[in-house]
Number of protein chains: 2
Amino acid sequence: MTAPESSAPRLRGRPRSPAADAAIIEAALRLLEEGASVGGLSIEGIAREAGVGKATVYRRWPGKDALMLDVLRSLEEPSPEPTGASVRDDLVAILEFMRRRGLAKRNSALLRSVITQMHAHKELWRAYDENVIAARRASLRAVLRRGRESGEIRADMDLELLADLFTGPMLARAMLHEWKQLPEGLAERIVDTVLEGVSPRR
Amino acid sequence: MTAPESSAPRLRGRPRSPAADAAIIEAALRLLEEGASVGGLSIEGIAREAGVGKATVYRRWPGKDALMLDVLRSLEEPSPEPTGASVRDDLVAILEFMRRRGLAKRNSALLRSVITQMHAHKELWRAYDENVIAARRASLRAVLRRGRESGEIRADMDLELLADLFTGPMLARAMLHEWKQLPEGLAERIVDTVLEGVSPRR
DNA sequence: GGCTTACGATACGAGACCGTCTCGTATTGG
DNA sequence: CCAATACGAGACGGTCTCGTATCGTAAGCC
């Protein structure tokens, strides 16, 4: 998954076990899923859950922050390329991607914990923000801009606000009432409603 | 502010100091503002910050969870009564109320921490959810229902989805990019855009 | 086989916090 | 004055985690 170290390929002696790498990250994810907070995680607990010595963790990461960053990175999947068919379909695809991520259960409980716990360690959050969120947001903005040029979206709209109008409802629902699952077709309904508006008789 | 005990008015001996009540809750809020996570708060730390003995805290609350609940309650303000002028104005009023709460700085940093940290202690979250969020949601739903009856809102809309469409953007923005403040007029812009839709030429 | 490094396990001292308890003092009612 | 309770401060034994170090063993390279 994630190789904490890529430089200086030591050849002497026994190589580090990739299995341990994976076991550690898996254990951290498992604990987070079970409701542990980022602040409540301990290296000691993670090592125990992973069936691994503490030293094996410290050999790979200098501390909890660095480990957490790799844990987050392990969740990343490439976001979908806009097909370009129509702006409406691209927006649906992006929201549907979010929905599936939220449903993944792994992320559902996790994103909540992460997003806010992160703010405590400002550096961690900045790293996550720049590496992950910024990319997604840029992709979304590109789609919106295209829609404005093609006439599918009113020309006077603030792109920043638009982005929140589309993604906000999905995010809020995922973060606030997790268990009320994100139902099939939610992405389409959000996109179409925001596009067409809530008032009657257009 | 919040009286942890209201029954059994002990008359014997020295009465409990209301100043201590307030100091403890204030201290907890101060620590949360400074970025501490709910999980990271300690009774010991709160007592220290409040300039109060630990026993004084334990005399009032049995543990951290009960204390946290009162800390949250101390943030509550009555949500605005719908004026009934128009559904559009009522929606703006509700969102504007959310915006001001988010700006309060006290809540901004805090709500983030709370909303997700809470999920760890499921009971705490349920209590907060039932006591606070449910009431606001019911008020919002009533406004939406009224709008549907008065014809300001299309009849085929799912109220649950509508609620998320209006509140989601505000919530998401407050939770994700705190520092980018919630600008003046955001409530109006969200409401009007969702009502009228994003597509051009209605 | 010999060298080197990683492995799981565990011991270690340091330190934070827990919840209870005990100080000596302060503040009420009777 | 006296009994009762609250106060701030902090001692106490206990648990947990920290980050480091040291076991004996395992797995690669030469």
Side-chain angles (χ1 to χ4, degrees), chain A residues 2-28 31-32 34-68 70-71 117 120-121 124, chain B residues 2-28 31-32 34-68 70-71 117 120-121 124:
Chain A
T2 36
E5 294 266 337
S6 57
S7 63
R10 295 164 173 71
L11 316 126
R12 292 299 231 261
R14 178 176 176 174
R16 290 194 183 160
S17 155
D21 283 51
I24 292 168
I25 297 215
E26 275 301 308
L31 291 173
L32 284 172
E34 288 166 10
S37 64
V38 174
L41 280 187
S42 65
I43 298 272
E44 200 140 353
I46 294 171
R48 203 182 311 131
E49 173 78 15
V52 141
K54 277 202 295 177
T56 302
V57 179
Y58 280 109
R59 212 171 279 125
R60 291 164 165 72
W61 294 277
K64 201 167 72 175
D65 286 11
L67 170 56
M68 280 302 138
D70 275 346
V71 168
Q117 274 299 81
H121 311 256
L124 241 185
Chain B
T2 37
E5 296 266 335
S6 58
S7 63
R10 294 163 174 70
L11 316 127
R12 293 296 231 265
R14 176 175 178 175
R16 290 191 184 164
S17 155
D21 283 50
I24 292 168
I25 297 215
E26 275 300 309
L31 290 172
L32 284 172
E34 288 167 6
S37 63
V38 174
L41 280 188
S42 64
I43 299 274
E44 198 141 352
I46 293 171
R48 203 181 310 130
E49 174 79 13
V52 140
K54 278 203 292 177
T56 302
V57 180
Y58 281 108
R59 213 172 279 127
R60 288 162 167 74
W61 295 276
K64 199 167 72 174
D65 287 10
L67 170 55
M68 281 303 139
D70 275 346
V71 168
Q117 275 299 81
H121 310 259
L124 240 185

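So you know, we letter chains A, B, ... as the sequences are listed, proteins then strands, and number each from 1.
Between B:Arg60 and B:Asp21 a salt bridge is recorded (basic side-chain N to carboxylate O distance below 4.0 Å).
For the residue pair B:Ala23 and B:Ala50, the shortest heavy atom distance occurs at O-CB, 3.5 Å. A:Asp70 and A:Trp61 make their closest contact through OD2-NE1, 2.7 Å (heavy atoms, listed as atom of the first residue, atom of the second, distance).
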Encode nucleotides 23-30 of chain C as B, S and - characters from 5' to 3', where the letter depends on protein heavy atoms closer than 4.0 Å: B to the base, S only to sugar-phosphate, - to neither. ---BBBS-
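The nearest whole Å value for the distance from the CD1 atom in A:Ile43 to the P atom in C:dG15 is 20 Å. Distance A:Arg60 CZ to C:dA6 P: 9 Å, rounded to the nearest Å. At whole-Å resolution of the value, CH2 in B:Trp61 and C1' in C:dC18 are 18 Å apart. Spacing between atom CD1 of A:Ile24 and atom C1' of C:dG8 amounts to 12 Å, rounded to whole angstrom units. One interatomic measurement links the two molecules: NZ of B:Lys64 to C1' of C:dA16, which rounds to 13 Å at whole-angstrom precision.
Minimum atom distance to the side chain of A:Ser17 is reached by C:dC7, of the listed C:dC7, D:dC7, D:dA21.
Checking the phosphate oxygens (OP1, OP2) of C:dT20, no side-chain nitrogen or oxygen of B:Arg59 falls inside 4.0 Å. Phosphate proximity of C:dA6 to A:Thr56: absent, as no side-chain N or O sits under 4.0 Å from OP1 or OP2.
Residue B:Pro18 is the one, among B:Pro18 and B:Glu44, whose nearest nucleotide of DNA chain D lies closer to the 5' end (criterion: closest heavy atom).
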Taking distance alone, no hydrogens or angles, what donor-acceptor pairs closer than 3.5 Å link side-chain atoms of residues 39-48 of chain B to residues at least two apart or in another chain?
{"unit_1": "B:Ser42", "atom_1": "OG", "unit_2": "B:Gly45", "atom_2": "N", "d": "2.8"}

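For DNA chain D, the residues of residues 46-54 of chain A within the heavy-atom distance limit of 4.0 Å (strictly under) are A:Arg48, A:Lys54, sorted by number.
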